[in-house]
S.K.: 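Once you've had a glance at the structure underneath, I'll fire off some questions.
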Number of protein chains: 2
Amino acid sequence: MVLFAGQGDARRALELLWRTPVTREKRPGPKPALTIDEIVDAAVAIADEEGMPALSMRAVGQRLGRSGMSLYTYVPNKSELVDLMYDHVHGELNGDYGLDQGWRPAVRAWAGDLWSFYQRHPWLLQVSQVRPVLGPNEYAVVETVARILTETSLPARTLLRVVGTLFHFVRGAAQTVAESRQAAAATGLSNEDWWAVRSAVVPEVVPDFARRYPTIVALGQADTFRPEEGVPYLESQAAETFRVGLATILDGVEAAMARGPGEP
Amino acid sequence: MVLFAGQGDARRALELLWRTPVTREKRPGPKPALTIDEIVDAAVAIADEEGMPALSMRAVGQRLGRSGMSLYTYVPNKSELVDLMYDHVHGELNGDYGLDQGWRPAVRAWAGDLWSFYQRHPWLLQVSQVRPVLGPNEYAVVETVARILTETSLPARTLLRVVGTLFHFVRGAAQTVAESRQAAAATGLSNEDWWAVRSAVVPEVVPDFARRYPTIVALGQADTFRPEEGVPYLESQAAETFRVGLATILDGVEAAMARGPGEP
DNA sequence: GACAATACTTTACGGCGTAAGGAGATGTCG
DNA sequence: CGACATCTCCTTACGCCGTAAAGTATTGTC
């Protein structure tokens, strides 16, 4: 189930995101005991530690010694809390990437930071991207990669598509790692063990496998990939896909530069 | 919330997927009134029409005139039902792509079919890929793209990474379209309207936007993109990202071919 | 001291996956 | 035929979820 950003009142949501100071002078009633930041921090902690399915209003409240319902005085609903979490953690991506060696190493560094960022906060990959949160930190990340790519002199239109492609790719590759860890945690079975069990059964259930899927079998035999020491197979493989795929895309960008501007 | 494949008994799951004939001779008790295929078809219909959140055991049962619990005599749990749905629909991707004009048009055709396939069944993008379902149709899709890419003569290891990259990219790009439709349906607000409201509010909440994000503003002004007639903005843009991104990746593959085999 | 506004609580509703147990159908045996 | 095992399918129940509604306690202004 994908979560969608920005369902509620637009102004209220944006003022929360940009922390527009709320003038709350002499008004009756008890003082708020919590701040938005405390709530967002608690929610992020839960999502980081236990994953998105464990993130419930009741759980966040409990972590703060409050009932789940009490949060509704700070945040209109859960979906907007997720928006706030989303933008908040994007503040971690504030590196500026020097262009002294050109755009390519800078893009690589940016993508690498994004890659490990998603691994630190895998729940981000379950928040839809279509309706952007429009918070300060999300904009800053786009600004950063766009500034780097300006160096390629690609036309704006193509450049924006390259930005999209990079995000799709990094998110997809990061998802493999994130989900492999989630699956292992959720099922109590490591991916290696899972694969060992399955791959032993497949030949029994499908005796003519090699005849039906000759290319898969041939590639499996010819593959020289071996995981790094101490790193689970799937994660090591995903890291290699990230490296190779990113290089492939950047090679493609160079080809587009060499071709010069034209129809995208 | 991402769904994970294959939590249950491996043999039972695989026999269901590959439809290994169950010898159910003279056994007492009433005859089953349903078949697995009927259940899978009903579940796919719900997911296609109303999206993954609407897919509940009770809903599938209701569509078949049965209680939700009755399905548990056919399928061990919901997660395995999703596996069956996943593999079943992949049977639609059975085209074979001629190589007379080389690998590049064939990959483009394959990716294009995958792209529209995901749009026909957007819920597929919410099923995790880490633990593959290992059904006949899923294998067939991998076999197809692998066979095409064999034409590039890339080493097996690199070729497999390219396959991963293509899947990441196509899934990511397709997700944009799928989620944009889901968001519009779920919120009752078109993406255009949503954007109109937000973008009007941002300058009020963030008066110094242009100073803080100069590259974004400059790119927005220089962008020549205009949506196709009658196609929503976001979808048209996503289609262009798909075209441009795929071309970029394939250019990168050609560059890797030109470089010849080496460390991936 | 009266009153209004606010923070926070408890309770409740309709959804979910599925465990448990029971009803009725259908086969094999004596 | 009757007894019994086995099967499909049903109802009920549990503990989760987001959040609506209503109640209580606290704090300010008049």
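In what follows, chains are A, B, ... by sequence order, proteins preceding strands, each numbered from 1.
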S.K.: A185(A): what forms a side-chain contact (heavy atoms from CB on, under 4.5 Å) with it, not counting sequence neighbours?
M.R.: none
S.K.: Looking at five pairs on each end of the helix from dG1(C)-dC30(D) to dG30(C)-dC1(D), what is the angle between the two axes, given to 10 degrees?
M.R.: 30°
S.K.: With a non-hydrogen cut-off below 4.0 angstrom, is L55(A) in contact with a base, only sugar-phosphate, or nothing?
M.R.: sugar-phosphate
S.K.: Using the 3.5 Å cut-off, write out each protein N or O paired with an N or O of nucleotides 22-24 of chain D and the distance between them.
M.R.:
none

S.K.: Rounded to whole angstrom units, what separation is found between the CE atom of M52(B) and the C1' atom of dG17(C)?
M.R.: 14 Å
S.K.: M57(B) CE to dA19(C) P: how many Å, rounded?
M.R.: 11 Å
S.K.: Test of understanding: with ring-ring contact (aromatic ring centres under 6.0 Å, His included), list the residues that count as partners of Y139(B), not counting sequence neighbours.
M.R.: F209(A), Y213(A)
S.K.: If every non-hydrogen atom of P136(B) is compared with every non-hydrogen atom of D87(B), which pair is closest and at what distance?
M.R.: CD-OD2, 3.1 Å
S.K.: Mind checking side-chain contact (heavy atoms from CB on, under 4.5 Å) for S236(B) and listing every partner two or more places apart, or none if nothing turns up?
M.R.: F225(B), P227(B), E228(B), V231(B)
S.K.: Taking it one step at a time, do R63(A) and E49(A) satisfy salt bridge (Lys or Arg N to Asp or Glu O under 4.0 Å)?
M.R.: CA-CA 13 Å; R63(A) 188 175 267 252; E49(A) 291 163 19; 2.9 Å; yes
S.K.: Could you give the CD-to-C1' distance, from Q62(A) to dT9(C), as a whole number of Å?
M.R.: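 Those two atoms, CD and C1', are 15 Å apart.
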S.K.: Given dG28(D), is OP1 or OP2 found less than 4.0 Å from the side-chain N or O atoms of K31(A)?
M.R.: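 The answer is yes; a side-chain N or O of K31(A) sits under 4.0 Å from OP1 or OP2.
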S.K.: Below 4.0 angstrom from OP1 or OP2 of dA7(C), is there any side-chain N or O of T73(A)?
M.R.: no
S.K.: For nucleotides 10-13 of chain C, give me every protein contact, N/O to N/O, under 3.5 Å, one pair per line with atom names.
M.R.:
{"residue": "dA12(C)", "atom": "N6", "partner": "R58(A)", "partner atom": "NH2", "Å": "3.4"}

S.K.: In whole Å, what is the span from the OH atom of Y74(B) to the C1' atom of dC9(D)?
M.R.: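 After rounding, the reported distance stands at 9 Å.
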S.K.: Would you please name every residue forming a side chain to side chain donor-acceptor pair (under 3.5 Å) with R11(A), sequence neighbours left out?
M.R.: E204(B)
S.K.: Can a side chain N or O of Y72(B) be found less than 4.0 Å away from OP1 or OP2 on dT8(D)?
M.R.: no
S.K.: Without decimals, in angstroms, what is the distance between L81(B) CG and dG17(C) C1'?
M.R.: 12 Å
S.K.: dC9(D) P sits how many Å from L64(B) CG, rounded?
M.R.: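 So the two atoms are 10 Å apart, to the nearest Å.
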S.K.: Using ring-ring contact (aromatic ring centres under 6.0 Å, His included) as the criterion, list what pairs up with F242(B), not counting sequence neighbours.
M.R.: W115(B)
S.K.: Nearest-Å distance, CZ (R66(A)) to P (dT26(D))?
M.R.: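 Between P of dT26(D) and CZ of R66(A): 13 Å.
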S.K.: Is any side-chain heavy atom of R212(B) closer than 4.5 Å to a side-chain heavy atom of E143(A)?
M.R.: no
S.K.: Tabulated below should be each protein N or O lying under 3.5 Å from an N or O of nucleotides 28-30 of chain C; please produce it.
M.R.:
none

S.K.: Under the side chain to side chain donor-acceptor pair (under 3.5 Å) test, which residues partner Q119(B), sequence neighbours left out?
M.R.: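 Result, side chain to side chain donor-acceptor pair (under 3.5 Å) vs Q119(B): none returned.
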S.K.: Among dA5(C), dG18(D), dT18(C), find the nucleotide with the atom closest to the side chain of K78(B).
M.R.: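 Closest nucleotide among those given: dT18(C).
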S.K.: Out of curiosity, D113(B) CG to N94(B) CG, how far, rounded to the nearest 0.5 Å?
M.R.: 9.5 Å
S.K.: May I have the step-by-step check of side-chain hydrogen bond (donor to acceptor under 3.5 Å, both in side chains) for R171(B) and Q175(A), ending in yes or no?
M.R.: CA-CA 11 Å; R171(B) 281 177 70 98; Q175(A) 223 160 57; 5.5 Å; no
S.K.: Show me the donor-acceptor pairs, under 3.5 Å and distance only, between side chains in residues 54-62 of chain A and residues at least two apart or in other chains.
M.R.:
{"residue": "S56(A)", "atom": "OG", "partner": "A59(A)", "partner atom": "N", "Å": "3.1"}

S.K.: Check D83(B) against V133(B) and note the closest heavy-atom contact, atom names and distance.
M.R.: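 Minimum heavy-atom separation between D83(B) and V133(B): O-CG1, 3.7 Å.
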S.K.: Quick one: ring-ring contact (aromatic ring centres under 6.0 Å, His included) pairs with a partner in residues 37-94 of chain B, sequence neighbours left out?
M.R.: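 For residues 37-94 of chain B, and leaving out neighbouring residues, the ring-ring contact (aromatic ring centres under 6.0 Å, His included) pairs sorted by first residue read Y86(B)-H90(B), H90(B)-F117(B).
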